[in-house]
Protein chains: 2
Amino acid sequence: MILSLDLDSDAPIYQQIRDRIVEAIASGHLVEGSSLPSTRQLAVDLGINFHTVNKAYDLLRREGMLRINRKSGALVQRDARSGPPEPGFTAEWETRLRTLLAEAVAHGAGDPAVLDSCRSVLTSFTSPASDSPAPASRKRAELGAEQGDSTR
Amino acid sequence: MILSLDLDSDAPIYQQIRDRIVEAIASGHLVEGSSLPSTRQLAVDLGINFHTVNKAYDLLRREGMLRINRKSGALVQRDARSGPPEPGFTAEWETRLRTLLAEAVAHGAGDPAVLDSCRSVLTSFTSPASDSPAPASRKRAELGAEQGDSTR
DNA sequence: GCTCTGTTATAGCCTTTATAGAACAGAGCG
DNA sequence: CGCTCTGTTCTATAAAGGCTATAACAGAGC
């Protein structure tokens with residue numbers, strides 16, 4: 001996994017980075033305690049400015065997904081097995097879910113078709129779709145492109 | 001239904017208008033053929049500029065949800081019973097669904113909890129939650145606030 | 001003729017996005 | 001110690017997006 005970005009997309013780059021990391025956590029490619037590349041390193045790999053990566057990491061930190069220290073860098077704070085979400089998150093998330101599902105229904109998708117899509121997405125997270133779901137020893141997992149590990 | 005906006009939200013106003021109309025179509029408050037208020041009228045009711053409403057309507061037109069003529073104004077083009085969505089829509093929609101569901105899973109929500117939320121949202125559309133689901137005779141339905149009908 | 005409609009154009013102001021350069025302190029390592 | 005990498009903070013810039021504002025035009029209904 002290389003954290004593919006679409007520079008032609010209308011979605012901001014920092015938002016795309018944030019979304020890809022969230023999906024990596026949901027699919028188990030990143031687990032609680034996994035360390036992410038440094039902002040400068042990931043910026044070099046993606047060919048973008050390190051401030052943009054910093055913005056994505058800071059957004060994930062404010063969402064409670066990352067824990068960032070000066071010594072250990074960015075560590076994954078939560079994953080699918082970290083316990084139920086906070087009530088405040090669920091309420092805000094369901095309003096966005098309502099808007100997204102309304103879009104499908106308004107376009108003519110029936111309830112069974114929508115639920116099938118939801119089930120299909122959820123199973124794509126839990127089942128080993130593409131890669132192995134990140135053994136615990138892997139650090140800097142699958143994000144930092146081709147160079148080896150931390151000592152550089 | 002008054003199309004409530006949140007001017008303090010970080011979401012753009014035209015996006016909020018678009019979302020509320022999509023949800024109104026999904027819940028049956030607006031059906032195929034329903035006419036929406038004019039851009040100028042809705043702008044006055046909401047206390048915003050009519051260009052902002054125009055942007056929301058134009059976005060809905062490009063998404064295939066509205067049909068806009070100079071004579072009849074903005075009419076609902078699709079609703080839940082207008083047939084299945086185009087394949088191109090489904091593919092793009094599922095990528096957004098994937099990001100949204102990944103967020104819930106990463107925060108610790110289990111698959112059953114996520115699917116329950118989806119089911120709950122879908123039934124809130126089909127079941128008569130608050131108002132009556134728009135009898136066919138109503139035009140300018142529930143959107144233009146307190147004044148009566150088209151003749152003004 | 002009058003009014004309302006959608007449509008288009010221009011302009012200004014503010015925020016956001018992404019870039020860039022610079023500097024600082026803490027930590028690890030030879 | 002010097003060197004390097006780290007996160008953090010600051011300032012600055014150019015580009016794009018969001019919202020408002022004013023104006024003008026043509027089609028439709030009364």
Side-chain angles (χ1 to χ4, degrees), chain A residues 3 5-19 21 34-62 65-77 139-140 143-145 147-152, chain B residues 3 5-19 21 34-62 65-77 139-140 143-145 147-152:
Chain A
L3 203 151
L5 296 184
D6 180 12
L7 297 181
D8 295 333
S9 169
D10 53 344
I13 297 177
Y14 81 94
Q15 185 77 40
Q16 294 184 47
I17 297 174
R18 177 262 183 198
D19 289 347
I21 292 178
S34 296
S35 83
L36 271 59
S38 71
T39 56
R40 285 179 171 85
Q41 185 58 49
L42 184 54
V44 170
D45 295 343
L46 297 176
I48 59 175
N49 192 274
F50 86 97
H51 287 104
T52 306
V53 180
N54 199 16
K55 188 167 187 175
Y57 280 14
D58 189 64
L59 175 59
L60 286 162
R61 180 189 59 77
R62 283 185 277 112
M65 306 296 309
L66 293 185
R67 182 176 60 252
I68 303 179
N69 311 9
R70 194 184 298 265
K71 32 195 340 180
S72 53
L75 301 178
V76 174
Q77 172 96 0
K139 301 301 180 92
R140 312 258 154 157
L143 269 172
Q147 80 286 354
D149 216 325
S150 59
T151 59
R152 301 185 326 100
Chain B
L3 203 152
L5 295 184
D6 181 12
L7 297 180
D8 296 333
S9 169
D10 53 344
I13 298 177
Y14 79 94
Q15 186 77 41
Q16 295 185 47
I17 296 174
R18 177 263 183 198
D19 289 347
I21 292 177
S34 294
S35 83
L36 272 59
S38 71
T39 56
R40 285 180 171 87
Q41 185 57 50
L42 184 53
V44 170
D45 295 344
L46 297 175
I48 59 176
N49 193 274
F50 85 98
H51 286 104
T52 307
V53 180
N54 198 18
K55 189 168 186 174
Y57 279 14
D58 189 64
L59 175 60
L60 286 162
R61 181 189 59 79
R62 283 185 277 112
M65 306 295 309
L66 293 186
R67 181 177 63 251
I68 303 179
N69 310 13
R70 194 184 296 265
K71 33 194 338 181
S72 52
L75 301 178
V76 174
Q77 171 94 359
K139 300 301 179 93
R140 310 259 156 156
L143 270 173
Q147 77 287 352
D149 215 326
S150 60
T151 60
R152 303 184 323 100

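Using a 4.0 Å heavy-atom criterion, one finds that B:Asn54 contacts the bases of the nucleic acid, with or without backbone contacts as well.
One atom, CG of B:Leu7, and another, P of C:dC14, lie 18 Å apart when rounded to the nearest Å. Atom CG of A:Leu66 is separated from atom P of D:dT8 by 11 Å (rounded to the nearest Å). Taking atom CZ of A:Arg18 as the reference point, atom P of C:dT16 lies 18 Å away to the nearest angstrom. At whole-Å resolution of the value, CG in A:Leu59 and P in C:dT16 are 14 Å apart. Rounded to a whole Å, the CZ atom of A:Arg61 is 19 Å from the P atom of D:dT6. We find that CG of A:Leu42 is positioned 11 Å from P of D:dT6, with the value rounded to whole Å. In this structure, A:Leu75 atom CG and D:dG7 atom C1' are separated by 13 Å, rounded to whole Å. Separating the OH atom of A:Tyr57 from the P atom of D:dT6 is a distance of 11 Å, rounded to the nearest angstrom.
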Report, one pair per line, the protein and nucleotides 11-18 of chain D atoms (nitrogen or oxygen only) whose separation is under 3.5 Å.
| from | atom 1 | to | atom 2 | distance (Å) |
| --- | --- | --- | --- | --- |
| D:dG18 | OP1 | B:Tyr14 | OH | 2.9 |
| D:dG18 | OP2 | B:Lys55 | NZ | 3.1 |

Polar-atom pairs under 3.5 Å, protein N or O versus N or O of nucleotides 26-28 of chain C: list them with distances, or write none.
none

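Nearest-nucleotide positions on DNA chain C place B:Ala74 closer to the 5' end than the other of B:Ala74 and A:Ala11. For the pair A:Phe50 and A:Gly47, both in contact range of DNA chain C, the more 5′-proximal nearest nucleotide belongs to A:Gly47.
A sub-4.0 Å separation between OP1 or OP2 of C:dT5 and a side-chain N or O of B:Thr39 is absent. Note on A:Thr52: a side-chain N or O is less than 4.0 Å away from OP1 or OP2 of C:dT19. Contact annotation: A:Ser38 side-chain N/O to D:dT6 OP1/OP2 distance is under 4.0 Å. Side-chain N/O atoms of A:Asn49 include none lying less than 4.0 angstrom from OP1 or OP2 on C:dA18.
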Could you walk me through whether A:Gln16 and A:Asp19 pass the side chain to side chain contact (heavy atoms under 4.5 Å, CB included) check?
CA-CA 5 Å; A:Gln16 294 184 47; A:Asp19 289 347; 5.7 Å; no
Run A:Lys55 and A:Thr52 through side chain to side chain contact (heavy atoms under 4.5 Å, CB included) and show every step you take.
CA-CA 5 Å; A:Lys55 188 167 187 175; A:Thr52 306; 5.6 Å; no
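Residues satisfying the salt bridge (Lys or Arg N to Asp or Glu O under 4.0 Å) criterion with B:Arg61, sequence neighbours excluded, are B:Asp58. For B:Arg67, the side-chain hydrogen bond (donor to acceptor under 3.5 Å, both in side chains) test picks out B:Gln77, with sequence neighbours left out. Listed by chain and residue number, B:Asp6 satisfy the side-chain contact (heavy atoms from CB on, under 4.5 Å) test with B:Asp8 (two or more places apart in sequence, or in another chain).
Counting only heavy atoms from C-beta outward, the side chains of B:Asp45 and B:Leu3 never approach each other to under 4.5 Å. Using a 4.5 Å heavy-atom threshold, the side chains of A:Leu46 and A:Ile17 count as touching. For the pair B:Val44/B:Arg40, no side-chain contact is recorded, criterion being any heavy-atom separation below 4.5 Å from C-beta on. Using a 4.5 Å heavy-atom cutoff, the side chains of A:Ile13 and A:Leu7 are in contact. No side-chain heavy atom of B:Tyr57 sits under 4.5 Å from any side-chain heavy atom of B:Ser38.
What you find for B:Ala74 and B:Leu66 is that their closest heavy atoms are CB-CD1, 4.4 Å.
Checked by distance alone, B:Arg40 brings a side-chain donor or acceptor within 3.5 Å of a matching partner on the base of C:dT7.
Shown are A:Val76, A:Leu42, A:Ile68; of these, the side-chain contact (heavy atoms from CB on, under 4.5 Å) with A:Leu36 is made only by A:Val76.
The terminal axes of the helix from C:dG1-D:dC30 to C:dG30-D:dC1, fitted over 5 pairs per end, subtend an angle of 20° to the nearest 10°.
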